[in-house]
> 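What follows is a single structure, and I will ask about it in a moment.
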Amino acid sequence: MRPINKILDIVIPVYNEGIIIKNTIISLNANVKSKHNILICYDDDSDTTLPTIKNDFFNQENIFLIKNQGAGVHSAVLTGIKNSLSDYILIMPADDDYNHSIIDKMIYDANKFGADIICPSRFSKNSRIVNGPFFKFIIVKIVNFSLYYFAKVPSKDSTNGFRLFSKKVISSIKLKSSNGFTYSIEYLLKAYEKKMIIRDFPADWYER
């Protein structure tokens, strides 16, 4: 069964998440009031995420299991996007069970300002970084600082794969990238070239 048109489709690429996905979905159910679908995008039928979904959420009608048409996270995300019919598409990690309280606020922000991309930023004024390894934090910070101040990329956290896109972005931009989370930066840069509205939004970063 294919997802029906709602306000939001939440695309979650997974790879053997096991019971980790349980806390994520419980948190989404508790925090997201906007009408939404949850698209779980997986590579293989043996993925350990699937039993948790089928056993614990078997009667939840807004969860859809979407098999990756290729392999890897990049292809999984694009497969989820291809199956989306809603006004907005949110891409987020399977183990992020702490940022769900901002999702409705992001939708509100996008509508209020007519934004095409909302970038949850780990480096905004009201963001929090918890348990982040010092050297990893420095590297990520330097990369994003350089992209923002020198390359004029319109987000202080352009490397974050957690991102909200309008249907306009998805339908008007064709991707050439094919690896990892590069889709996120490519959408961002091409939307900027098209003079679409892009906004940062404070988000947290909990290092597992």
Side-chain angles (χ1 to χ4, degrees), residues 1-14 24 28 32-43 61-94 96 99-100 102-121 144 147-148 151-201 203:
M1 184 183 301
R2 194 176 181 193
I4 62 173
N5 187 359
K6 294 185 179 178
I7 294 173
L8 174 68
D9 284 336
I10 302 172
V11 174
I12 305 177
V14 299
T24 300
L28 285 171
V32 182
K33 306 307 178 186
S34 301
K35 296 295 183 182
H36 66 280
N37 299 307
I38 302 172
L39 279 57
I40 305 295
C41 303
Y42 65 99
D43 278 12
E61 295 182 353
N62 70 330
I63 296 180
F64 297 87
L65 298 176
I66 309 293
K67 190 167 185 179
N68 190 354
Q69 294 180 349
V73 63
H74 189 283
S75 179
V77 168
L78 295 192
T79 299
I81 288 174
K82 184 176 180 180
N83 280 271
S84 171
L85 297 173
S86 297
D87 300 331
Y88 292 96
I89 299 173
L90 179 71
I91 316 296
M92 68 181 313
D96 185 341
N99 274 313
H100 299 158
I102 69 171
I103 292 176
D104 283 339
K105 297 173 185 177
M106 290 166 61
I107 295 290
Y108 175 82
D109 203 63
N111 283 310
K112 180 179 179 181
F113 296 99
D116 296 294
I117 300 180
I118 298 289
C119 305
S121 173
N144 282 286
L147 290 171
Y148 181 76
K152 304 301 180 184
V153 175
S155 171
K156 291 183 179 179
D157 196 357
S158 58
T159 62
N160 198 349
F162 176 27
R163 192 151 293 166
L164 179 73
F165 301 101
S166 71
K167 199 66 177 179
K168 176 182 174 183
V169 171
I170 302 303
S171 61
S172 64
I173 294 175
K174 292 185 178 181
L175 297 181
K176 292 185 177 180
S177 59
S178 59
N179 295 304
F181 293 94
T182 51
Y183 69 86
S184 190
I185 297 178
E186 186 174 358
Y187 273 135
L188 183 65
L189 292 176
K190 290 184 174 179
Y192 180 55
E193 288 178 351
K194 290 177 175 289
K195 302 188 184 303
M196 294 181 179
I197 299 174
I198 299 166
R199 290 178 58 82
D200 272 0
F201 200 96

> Rounded at 0.5 Å granularity, tell me how far CG in L39 sits from NZ in K82.
13.5 Å
> Does the plane of the ring in Y183 sit parallel, tilted or perpendicular to the ring in H74? Use 30° and 60° as the thresholds.
perpendicular
> Without placing hydrogens or testing angles, list every side-chain donor-acceptor pair under 3.5 Å for residues 106-115, not counting sequence neighbours.
unit_1	atom_1	unit_2	atom_2	d
D109	OD2	R199	NE	2.8
N111	OD1	Y88	OH	3.1
N111	ND2	I107	O	3.1

> Going by the rule salt bridge (Lys or Arg N to Asp or Glu O under 4.0 Å), which residues pair with K6 if we only count those two or more places apart in sequence or in a different chain?
none
> Can you list the steps and then say if D157 with S121 is a side-chain hydrogen bond (donor to acceptor under 3.5 Å, both in side chains)?
CA-CA 5 Å; D157 196 357; S121 173; 4.5 Å; no
> Please find the pair of heavy atoms, one from T79 and one from Q69, that lie closest to each other, and give the distance.
OG1-N, 3.2 Å
> Taking only residues two or more places apart in sequence, or in another chain, which ones meet K67 in a side chain to side chain donor-acceptor pair (under 3.5 Å)?
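Applying side chain to side chain donor-acceptor pair (under 3.5 Å) to K67 gives D45.
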> Please find the pair of heavy atoms, one from V169 and one from Y187, that lie closest to each other, and give the distance.
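For V169 versus Y187, the nearest heavy atoms are CG1-CD2, 3.8 Å.
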> My understanding is that only residues two or more places apart in sequence, or in another chain, count here; which of them pass side chain to side chain donor-acceptor pair (under 3.5 Å) with S184?
R163
> Mind running side-chain contact (heavy atoms from CB on, under 4.5 Å) on L90 and D9 for me, showing each step along the way?
CA-CA 6 Å; L90 179 71; D9 284 336; over 6 Å; no
> Which value, rounded to the nearest 0.5 Å, describes the distance between I173 atom CD1 and E193 atom CD?
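Going from CD1 on I173 over to CD on E193, the span is 8.5 Å.
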> Look up atom CG in N83 and atom CD1 in I81, then write down how far apart they are to the nearest 0.5 Å.
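The distance works out to 10.5 Å.
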> What heavy-atom pair brings V11 and C41 nearest, and what distance separates the two atoms?
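Minimum heavy-atom contact is CG1-SG, 3.9 Å.
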> Would you please name every residue forming a side chain to side chain donor-acceptor pair (under 3.5 Å) with D116, sequence neighbours left out?
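Testing D116 for side chain to side chain donor-acceptor pair (under 3.5 Å), a comparison that skips the adjacent residues, returns S166.
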> Using the test ring pair (Phe, Tyr, Trp, His ring centres under 6.0 Å), find all partners of Y42 that sit at least two apart in sequence or belong to another chain.
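Y42 satisfies ring pair (Phe, Tyr, Trp, His ring centres under 6.0 Å) with no residue once adjacent residues are dropped.
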> I'd like to check the side chain to side chain donor-acceptor pair (under 3.5 Å) partners of D43; sequence neighbours left out, ordered by chain and number.
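Residues passing side chain to side chain donor-acceptor pair (under 3.5 Å) with D43: N68.
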> Please determine whether side-chain contact (heavy atoms from CB on, under 4.5 Å) holds for the pair L28 and H100, giving the CA-CA distance in whole Å, both sets of side-chain angles, and the decisive distance to 0.1 Å.
CA-CA 6 Å; L28 285 171; H100 299 158; 3.6 Å; yes
> Please check: side-chain N/O of S84 versus main-chain N/O of I89, any donor-acceptor pairing under 3.5 Å?
no
> Whether the side chain of S75 engages the backbone of G72 through a donor-acceptor N/O pair (distance < 3.5 Å, no angle test) should be reported.
no
> What distance separates I63 CD1 from H36 NE2, expressed to the nearest 0.5 Å?
8.0 Å
> Can you name the closest pair of heavy atoms from I117 and A191 and give their distance?
CD1-CB, 3.6 Å
> Test of understanding: with side chain to side chain contact (heavy atoms under 4.5 Å, CB included), list the residues that count as partners of N99, not counting sequence neighbours.
D96, I102, F162, A203, D204
> Please name the pair of heavy atoms, one in A94 and one in I12, separated by the smallest distance, quoted to 0.1 Å.
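Shortest heavy-atom contact: CA-CG2, 3.5 Å.
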> Taking side chain as C-beta onward, heavy atoms only, is I38 less than 4.5 Å from F64?
no
> Applying salt bridge (Lys or Arg N to Asp or Glu O under 4.0 Å), name anything that partners K190, two or more places apart in sequence or on another chain.
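K190 satisfies salt bridge (Lys or Arg N to Asp or Glu O under 4.0 Å) with E186 once adjacent residues are dropped.
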> Checking D104 side chain against V32 main chain: does a donor-acceptor pair fall under 3.5 Å?
no
> Out of I10, I103, I91, L8, which residue meets the side-chain contact (heavy atoms from CB on, under 4.5 Å) rule with L164?
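So, applying the side-chain contact (heavy atoms from CB on, under 4.5 Å) to L164 and each of I10, I103, I91, L8, only L8 qualifies.
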> Using a 3.5 Å distance criterion without hydrogens, assess whether the side chain of S155 forms a donor-acceptor pair with backbone atoms of C119.
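Looks like no, no N/O pair under 3.5 Å.
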> With sequence neighbours excluded, tell me which residues meet side chain to side chain contact (heavy atoms under 4.5 Å, CB included) with S178.
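If we apply the side chain to side chain contact (heavy atoms under 4.5 Å, CB included) test to S178, skipping adjacent residues, there are no hits.
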> Using 0.5 Å steps for rounding, measure from the NZ atom of K194 to the CG atom of L189.
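Answer for the NZ-CG pair, K194 versus L189, is 13.0 Å.
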